[in-house]
Amino acid sequence: MSSKREHPIESMGFWMFGVLSVVLAVLKLTVAGYWSWWRVMLPFLAFLGHNAVYLLAGFLCFCWLKHEEDEEEPTAVQKHSRAGYNLAALLFFFLFLDNLLRRAEGQGWKGFWPCSGRLEVVVLFGMLSLAAQFVYWSRIVSGLNQEHA
């Protein structure tokens, strides 16, 4: 048995967003004391929230998968996935959390701006994040169903 795993867990995003949050925490403690701790942890919270929505959307979309036992799933899933939708969903979730924090902290602006904190913008980016996740997973499921047919 090989000591190298076939499909290791990829933790690069976890470390990247964690380090970014630590850098923001150092900046809060040294330079920008007026930042809230929610704002400092925003990159890490966006990463965790995005992954939770990613898993939820994946489980919901896989309910429509016609499954056969004889195929290599990981290679087929990678063939049908489009990483652009997943990155767009991460960006939309980040903007959703940023707007939610601006609304909760009362730092909103009057006009329509992607970071205005208005309720409409919060709902918009939340729905765009969900839509991008469902498009990402539905492309995978429809591609797998076409292979099984």
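Bear in mind the structure is a predicted one, so any value in this text is a computation, not a measurement. Hydrogens, waters and symmetry mates play no part in the numbers below; they use all other heavy atoms, side chains included.
The distance between the ring centers of Y54 and W137 falls below 6.0 angstrom.
Judged by distance alone, the side chain of S142 and the main-chain N or O of R139 form a donor-acceptor pair under 3.5 Å. Under a 3.5 Å cut-off, the side chain of S138 and the backbone N or O of F134 do form a donor-acceptor pair.
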Donor-acceptor list for residues 26-33 side chains, cut-off 3.5 Å, not counting sequence neighbours:
from: K28; atom 1: NZ; to: G33; atom 2: O; distance (Å): 3.1
from: K28; atom 1: NZ; to: W35; atom 2: O; distance (Å): 2.4
from: T30; atom 1: OG1; to: V26; atom 2: O; distance (Å): 2.8

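Q133 pairs with exactly one of L55, N86, L60 by the side chain to side chain contact (heavy atoms under 4.5 Å, CB included) rule, that one being N86.
C61 and V141 get closest at one heavy-atom pair: O-CG2, 3.4 Å. Looking at every heavy atom in both residues, S129 comes nearest to A89 through OG-O, 3.3 Å.
The shortest side-chain heavy-atom distance between R102 and V122 does not fall under the 4.5 Å cut-off. Contact check for L24 versus P43: side-chain heavy atoms found under the 4.5 Å cut-off. The shortest side-chain heavy-atom distance between L97 and W38 does not fall under the 4.5 Å cut-off. In this structure, M16 and L20 have side chains that are not in contact, with every pair of non-hydrogen atoms separated by 4.5 Å or more.
Neither L87 nor V53 shares a network with the other; the hydrophobic side chains, linked directly or stepwise wherever heavy atoms of I, L, V, M, F, W or Y lie under 4.5 Å apart, form separate groups for each. Taking hydrophobic clusters as Ile, Leu, Val, Met, Phe, Trp and Tyr residues chained together by side-chain heavy-atom distances below 4.5 Å, V22 does not share a cluster with M41. Following chains of ILVMFWY side-chain contacts shorter than 4.5 Å, one can reach F44 starting from L100, so the two form part of one hydrophobic cluster.
Not counting sequence neighbours, the partners of F47 by the ring pair (Phe, Tyr, Trp, His ring centres under 6.0 Å) test are F17. Under the ring pair (Phe, Tyr, Trp, His ring centres under 6.0 Å) criterion, F92 pairs with no residue, sequence neighbours left out.
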Verdict with reasoning, N99 to R118, per side chain to side chain contact (heavy atoms under 4.5 Å, CB included): CA-CA 7 Å; N99 280 299; R118 295 179 59 193; over 6 Å; no

